[in-house]
Protein chains: 2
Amino acid sequence: MEAKKPTLEDVGRAAGVSRATASRVITGAHRVSTKTRNRVWHAVEELGYHPDLAARALAKGRTEVIDLVVIDDDATRVGSNPYYSRVVSGILSVLAGTDTQMRTHVIDEPEAPTRLDDVARTVGVGALLVNVPPALAARFSARCDRVVSLGHSAPGVPSIEADNAAGAIAAVEHLYRTGRRKVVAVHGKPNNSCAIGRRSGYSLASVEAGHEPIGAEGGFCLEAGVTGTQELLAAHPDLDGIFAACDLTAMGVLRALNESGRRVPDDVALVGFDDSFLASVATPAMTSVRQPVEHMAAMATRALLTGETSAHWQHVEPAPLQIRRSSAAA
Amino acid sequence: MEAKKPTLEDVGRAAGVSRATASRVITGAHRVSTKTRNRVWHAVEELGYHPDLAARALAKGRTEVIDLVVIDDDATRVGSNPYYSRVVSGILSVLAGTDTQMRTHVIDEPEAPTRLDDVARTVGVGALLVNVPPALAARFSARCDRVVSLGHSAPGVPSIEADNAAGAIAAVEHLYRTGRRKVVAVHGKPNNSCAIGRRSGYSLASVEAGHEPIGAEGGFCLEAGVTGTQELLAAHPDLDGIFAACDLTAMGVLRALNESGRRVPDDVALVGFDDSFLASVATPAMTSVRQPVEHMAAMATRALLTGETSAHWQHVEPAPLQIRRSSAAA
DNA sequence: CTGTTAGCGCCTTCAA
DNA sequence: TTGAAGGCGCTAACAG
């Protein structure tokens with residue numbers, strides 16, 4: 001049984017042409033007569049030929065693969081983060097049907113510089129950077145064009161991100177418009193670019209609505225939501241709306257509110273950010289600013305595939321509000 | 001600048017040996033004198049040499065890569081499923097430090113047979129099957145040894161799974177032991193092997209505790225938890241404990257309980273299954289049977305790397321109970 | 001439009 | 001213990 005895998009040579013022989021011609025047909029070159037083209041494809045079917053990716057990679061000096069690179073710090077802990085899965089999902093949706101594959105690199109924070117250099121050296125079609133700080137992204141970008149950063153990055157590094165500020169603004173406006181009178185925020189880390197955008201959006205919209213911005217320092221994690229909310233409740237017992245830096249933070253807010261005896265949305269309205277599946281799974285279902293992660297990952301992947309990335313490839317995607325029960329009018 | 005990447009040839013020249021010898025050193029062959037070995041490693045450092053994976057793959061006819069294969073149906077929707085990320089995390093923890101990489105294939109349910117064949121044909125070091133039904137896994141296994149299924153599979157297919165029945169038993173015992181008097185269950189799909197194990201565990205433990213098993217049909221999703229709970233509440237308003245087929249289901253249970261005005265854990269105790277991050281993020285934090293996903297994925301990966309898989313490679317891992325607030329004594 | 005001819009970088013016999 | 005030499009399967013000039 002175990003017949004050896006057919007090679008281009010075999011295909012060529014079966015089609016009565018040379019290996020080179022067969023190659024041309026298969027790689028979709030144009031300088032081939034329709035007749036031979038048909039013969040070759042026929043032979044391919046016949047033999048069940050499939051190109052050997054390794055050989056091809058060696059010959060053209062580039063592997064048909066998209067590298068997903070994630071820096072895994074305590075905040076973005078892959079393995080407990082929906083964001084990451086959404087990225088994968090977005091990439092693969094584009095790669096489906098292509099014979100490009102996806103390779104994943106998760107890099108521990110401490111060894112990031114070294115490992116990033118390793119990856120940059122061996123990148124295939126291109127790399128998608130997730131949670132890579134601007135400085136490191138810039139370094140990577142210097143060693144390898146064909147890169148896109150998911151989320152804001154250093155200037156000159158191609159990137160795509162959600163419109164964090166606009167999303168936050170929409171959230172706050174929504175809360176005031178539906179009758180809330182004192183909307184506070186639990187922010188992310190002060191040095192996180194996404195968090196910064198959301199924070200400034202919150203402040204802007206608050207002022208715009210004639211209110212003083214009130215926020216607690218937090219982070220993209222459950223605990224931050226809990227403690228931040230506790231602080232805010234202590235200082236502002238009359239608050240009736242909370243904007244959380246992300247869904248995970250919002251889950252913490254939810255817990256703290258619950259423990260303080262406040263009901264959502266009756267006593268306090270809540271809006272998260274991300275619109276991950278956490279939002280729909282929470283009780284009550286959570287209003288959240290939708291970050292189109294899959295879409296952004298897909299766009300980035302497409303750009304990498306077509307090679308259209310450049311320092312100017314900078315995209316900011318809209319982040320529309322997804323309204324659910326947690327912000328229903330009181 | 002752009003100096004060409006050093007090759008084995010270069011290393012050999014720098015070390016004053018032949019390409020072949022350099023290769024031997026680098027691949028860790030033993031028939032080399034200590035002196036030359038040192039010289040070669042020195043040259044490697046000097047030149048910053050890194051083997052070309054594509055070339056190596058071509059030469060030895062196998063790519064240094066672990067293939068993660070996930071069938072993406074509505075239940076396991078990658079992109080909204082913590083389980084999947086945990087698998088990735090487990091695989092990569094083993095691969096770190098190796099120059100083996102991970103490739104991901106997500107396959108839509110309908111085209112599964114074809115695509116699985118494609119993957120089987122091009123597998124590198126080995127494949128890890130996730131959510132692949134026994135029949136398809138068997139087919140894959142027939143085309144390619146070097147495979148492990150995560151979760152129960154067809155006989156003869158190497159596999160590793162959590163002890164679903166034992167986990168369920170522990171959950172039920174825990175509930176009765178802590179004072180509950182009527183523990184019901186929201187099950188998974190009747191044809192899902194994990195769900196079957198948990199279901200039988202629940203029944204066994206119920207009978208053992210002197211109670212009649214009472215369960216609602218459900219599934220591994222939020223909605224199933226909601227409607228299942230509603231049915232159960234209608235038929236058994238006096239229930240005071242619920243065992244849910246998985247954490248997601250449990251989130252649905254939580255919602256339904258909330259909406260019915262029951263408090264957790266005061267009125268009803270709840271135990272989920274998986275101990276995914278959902279459990280810790282829920283309000284109240286959820287008691288859950290821990291499925292050691294990362295650990296299982298890591299074991300499978302290790303087995304693939306060492307090539308010790310065989311039809312007899314069958315593991316069942318313990319699934320200990322992780323106790324949190326949702327099942328605190330009333 | 002098609003065939004010929006070199007490699008791509010590495011591993012692996014086969015001799016020495 | 002080491003070197004020489006032949007592929008692995010494919011692509012990419014270069015002729016014809």
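Protein chains get the first letters and strands the later ones, always in sequence-line order, with residue 1 at the start of each. What you are looking at is a predicted structure, and each value in this text was computed from that prediction instead of being measured.
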Chi angles and distances behind the side chain to side chain contact (heavy atoms under 4.5 Å, CB included) call for B:V147, B:L129:
CA-CA 7 Å; B:V147 57; B:L129 270 31; 3.5 Å; yes

Residue-phosphate contact under 4.0 Å: [X] side-chain N/O, [N] OP1/OP2:
X     : N      : answer
A:T7  : D:dG9  : no
B:R56 : C:dC11 : yes
A:S23 : D:dT11 : yes
B:T21 : D:dG3  : yes

For DNA chain C, what residues of residues 60-67 of chain B have any heavy atom nearer than 4.0 Å?
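Here the set is empty: none.
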
Proximity to DNA chain C (any heavy atom under 4.0 Å), residues of residues 34-44 of chain B only:
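Heavy-atom cutoff 4.0 Å gives no residues at all.
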
Starting at the 5' end of DNA chain C, which residue's closest nucleotide do you reach first, B:A54 or B:A20?
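Its nearest nucleotide being more 5', the pick is B:A54.
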
Rounding to a whole Å, what distance do you find between [X]:[atom1] and [N]:[atom2]?
X     : N      : atom1 : atom2 : result
B:K5  : C:dC8  : NZ    : P     : 13 Å
A:L53 : D:dG9  : CG    : P     : 13 Å
B:R19 : C:dC11 : CZ    : C1'   : 9 Å
A:D52 : D:dT11 : CG    : C1'   : 13 Å
B:E9  : C:dG9  : CD    : P     : 11 Å
B:L8  : C:dG9  : CG    : C1'   : 7 Å
B:R13 : D:dG3  : CZ    : P     : 14 Å

Show your working on salt bridge (charged side-chain N to carboxylate O under 4.0 Å, His left out) between A:R19 and A:D10 and close with a plain yes or no.
CA-CA 8 Å; A:R19 180 166 39 123; A:D10 301 324; over 6 Å; no

Nearest-neighbour nucleotide for the B:T27 side chain, D:dA13, C:dC11, D:dA4 considered:
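Per side-chain heavy atoms of B:T27, the pick is C:dC11.
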
Check whether the side chains of A:E9 and A:T7 place a donor and an acceptor atom closer than 3.5 Å, and report yes or no.
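Note: A:E9 and A:T7 side chains miss the donor-acceptor criterion.
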
Is B:L58 touching bases, backbone alone, or none of the nucleic acid, heavy atoms closer than 4.0 Å?
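Base, at least one base atom sits under 4.0 Å.
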
B:D163 and B:P318: which non-hydrogen atoms are nearest, and at how many Å?
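Looking at all heavy atoms of both residues, the shortest contact is CB-CA, 4.5 Å.
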
Heavy-atom closest contact (A:A15 atom, A:R39 atom, distance)
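Result for this residue pair: O-NE, 2.9 Å.
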
Assess whether a salt bridge exists between B:R139 and B:D117, defined as any Lys/Arg side-chain N lying under 4.0 Å from an Asp/Glu carboxylate O.
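A salt bridge is present here (some side-chain N lies under 4.0 Å from a carboxylate O).
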
So does B:D274 pair up with B:R86, basic N to acidic O under 4.0 Å?
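No, this pair does not count.
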
So which one's nearest nucleotide on DNA chain D is more toward 5', B:A59 or B:R24?
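This one resolves to B:R24.
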
Taking the side chain as C-beta and beyond, is there a heavy-atom pair between B:V40 and B:R37 under 4.5 Å?
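When only atoms from C-beta onward are counted, B:R37 and B:V40 do not touch, as no gap falls below 4.5 Å.
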
Salt bridge (charged side-chain N to carboxylate O under 4.0 Å, His left out) evaluation trace for B:R143 with B:D118:
CA-CA 10 Å; B:R143 286 167 174 59; B:D118 289 348; over 6 Å; no

Using the side chain to side chain contact (heavy atoms under 4.5 Å, CB included) rule, take B:V125 and B:V65 through it: C-alpha gap first, then chi angles, then the decisive distance, then the call.
CA-CA 6 Å; B:V125 175; B:V65 78; 5.8 Å; no

